[in-house]
**Student:** 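Have a look at the structure that comes next, please.
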Amino acid sequence: MRVGNEDYQSIWTDSSDPHVVKVIDQRMLPFFFRTKELRSVDDVYEAIDNMTVRGAPLIGAAAAFGIYLATLEMTAATNVRDHIQNAARYLISCRPTAVNLSWAVNYSISKLSENMSPDSLQDQALKNAIEICEREKEYCRQIGVNGLKIIEDISEKKKGEPVNILTHCNAGWLATIDYGTVTAPVYRAHDKGIPLHIWVDETRPRNQGARLTAWELQQYGIPHTIITDNSGGHLMQKKVVDAVFVGSDRTTATGDVANKIGTYLKALAARDNEIPFYALFPSSTFDFSVRKGIDEIEIEERDPEEVIYVSGLDDGEIRQVRICPEGTKALNHAFDITPARLITGLITEKGICGAGEKEIKKMFPNKFK
Ligand code: MRU
């Protein structure tokens, strides 16, 4: 994606020093565009933990680069197996809900062997991380092709009136490697000249919608309006939402979707107002070992301070302000589960299918034993 006059993806290796991994510091957006260098497993852990990088596909890719950086940290005395396994466990422990994290780490280490020379280990680990990035990019591009059909249908029914899509959090190119999941068909529709308008949930407490999705859409020139998280139901009743598009951090074999806290409420309101609700994600977000999201998916609980304070730009600096009485307790679940029965369809690189085990099985037959 283009930022100013340059093309970016959300993670890359430094062209002058391949031992350095670079990312966009998402904590600074939309106020400052800054990149950050990651040089060790600890750097990667910290970047995922403090949300320098976030979004399910991106934290997976970052962790795969973390395994690569782990191979650079080995000395002659290192026990290769223990070293890689420890790095893998450490990185996976960072955030529990998005399955892409463990998927990418496990994929990368499955291609490494303790019999490899240090050089081949490093080469292979770097290859794995780049392969994951390329694959995720291609999946998102394809999600764009598949999701475009939904937008085209709505546009046709509305006789070219702008298609109003409501989205929650940021499932854009910043959260993936490029294109995004929710945004891939949006960008494609815009490129084709289809009039669109996006309702962007601000997405408390970290405001990924207001800060990141709004920034992305603005860069691309797509009309959008940020709304408070509680506005969606009202806008749906007023018939100014044509479809809801959200991402996913983990999708079960039965079609339940774990995504940013508040997604479930949008799905309930969409169902009550007969508005189609789609989850858009690459197949790396499926966890075929899980059947019932609400019972089996661990929901990340983050620091209550994220709820107690809001941050924004003040006099050229990012500052935090407290929004409740001192000493007030806060609870901060980062994700919720939208049950399959509320989801109209799942849009992946393979196509669009219903959110049910039978339909998912038909689309991904090899994933079911
Ligand atoms: O806590 P975050 O910002 O990592 O949460 C991100 C989301 O919930 C996204 O919707 C999800 O990762 C899908 S990104 C394609």
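If you're wondering where the values come from, they're calculated on a predicted model, not measured in any experiment. We count ligands from 1, going down the list as the structure has it; atoms in each ligand are counted the same way. Sequential numbering from 1 along the given sequence is applied to the chain's residues.
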**Student:** Do the charged groups of Lys111 and Glu131 touch, with an N to O distance under 4.0 Å?
**Tutor:** no
**Student:** Gln208 heavy atoms, cut-off 4.0 Å: which ligand 1 atoms fall inside?
**Tutor:** 1 (O), 2 (P), 3 (O)
**Student:** So, does Arg95 sit close enough to ligand 1 that a heavy atom of it is under 4.0 Å from the ligand?
**Tutor:** yes
**Student:** Between atom OG of Ser283 and atom CG of Asn100, what is the distance when rounded to the nearest 0.5 Å?
**Tutor:** 9.5 Å
**Student:** Verify the neighbour count for atom NZ of Lys292: are there more than 12 heavy atoms of other residues, nucleotides or ligands below 6.0 Å?
**Tutor:** no
**Student:** Side chain of Arg271, backbone of Arg341: donor and acceptor closer than 3.5 Å?
**Tutor:** yes
**Student:** For Leu346, which of Ile352, Ile360, Leu280 qualifies under side-chain contact (heavy atoms from CB on, under 4.5 Å)?
**Tutor:** Ile360
**Student:** Can you find an N or O of Asp249 that's nearer than 3.5 Å to an N or O of ligand 1?
**Tutor:** yes
**Student:** Which of the numbered atoms in ligand 1 are under 4.0 angstrom from any heavy atom belonging to Thr176?
**Tutor:** 15 (C)
**Student:** May I ask you to list the atoms of ligand 1 that are less than 4.0 angstrom from any heavy atom of Met51?
**Tutor:** 1 (O), 3 (O)
**Student:** So if I count the atoms of ligand 1 from 1 in the order they appear, which ones are less than 4.0 Å from some heavy atom of Ala171?
**Tutor:** 14 (S), 15 (C)
**Student:** Kindly identify the option in Pro282, Ser248, Gly209 whose heavy atom sits closest to atom 13 (C) of ligand 1.
**Tutor:** Ser248
**Student:** Measure the distance from atom 5 (O) of ligand 1 to every protein heavy atom, then report the residue, atom name and distance (to 0.1 Å) of the closest one.
**Tutor:** Lys260 CE, 3.3 Å
**Student:** Among protein heavy atoms, which sits nearest to atom 6 (C) of ligand 1, and what does the distance come to when rounded to 0.1 Å?
**Tutor:** Arg54 NH2, 3.5 Å
**Student:** Heavy atoms only, cut-off 4.0 Å: how does Val246 contact ligand 1, side chain, backbone, both, or neither?
**Tutor:** neither
**Student:** For ligand 1, which atoms, with element, lie under 4.0 Å from some heavy atom of Ala175?
**Tutor:** 14 (S)
**Student:** May I ask you to identify, for Ala56, whether its side chain, its backbone, both or neither come under 4.0 Å of ligand 1 on a heavy-atom basis?
**Tutor:** both
**Student:** Among protein heavy atoms, which sits nearest to atom 9 (C) of ligand 1, and what does the distance come to when rounded to 0.1 Å?
**Tutor:** Asn259 OD1, 3.5 Å
**Student:** Check whether any N or O atom of His168, backbone or side chain, sits under 3.5 Å from an N or O atom of ligand 1, and answer yes or no.
**Tutor:** no
**Student:** Just distances here: any N/O of Pro57 and N/O of ligand 1 closer than 3.5 Å?
**Tutor:** no
**Student:** Could you check whether Glu134 pairs with Lys137 (Lys NZ or Arg NE/NH1/NH2 to Asp/Glu carboxylate O, under 4.0 Å)?
**Tutor:** yes
**Student:** Using modelled atom types only, decide if a donor and an acceptor are shared between the side chain of Asp229 and the backbone of Thr203 within a distance under 3.5 Å.
**Tutor:** yes
**Student:** Between Tyr107 and Arg135, is there a cation-pi geometry (under 6.0 Å to ring centre, at most 45° from the normal)?
**Tutor:** yes
**Student:** State whether Glu138 and Arg141 are salt-bridged, where the test is any N-O pair (Lys NZ or Arg NE/NH1/NH2 against Asp/Glu carboxylate O) under 4.0 Å.
**Tutor:** yes
**Student:** State whether Arg250 and Asp287 are salt-bridged, where the test is any N-O pair (Lys NZ or Arg NE/NH1/NH2 against Asp/Glu carboxylate O) under 4.0 Å.
**Tutor:** yes
**Student:** Checking the N or O distance criterion of under 3.5 Å, is ligand 1 in contact with Thr181?
**Tutor:** no
**Student:** Looking only at heavy atoms of Asn170, does any of them come nearer than 4.0 Å to an atom of ligand 1?
**Tutor:** yes
**Student:** Specify side chain, backbone, both or neither for Phe281, according to which of its non-hydrogen atoms lie closer than 4.0 Å to ligand 1.
**Tutor:** neither
**Student:** Does this structure show an ion pair linking Glu202 with Arg204, if we count only N-O contacts that are shorter than 4.0 Å?
**Tutor:** no
**Student:** Does Ala98 have a heavy atom less than 4.0 Å from any atom of ligand 1?
**Tutor:** no
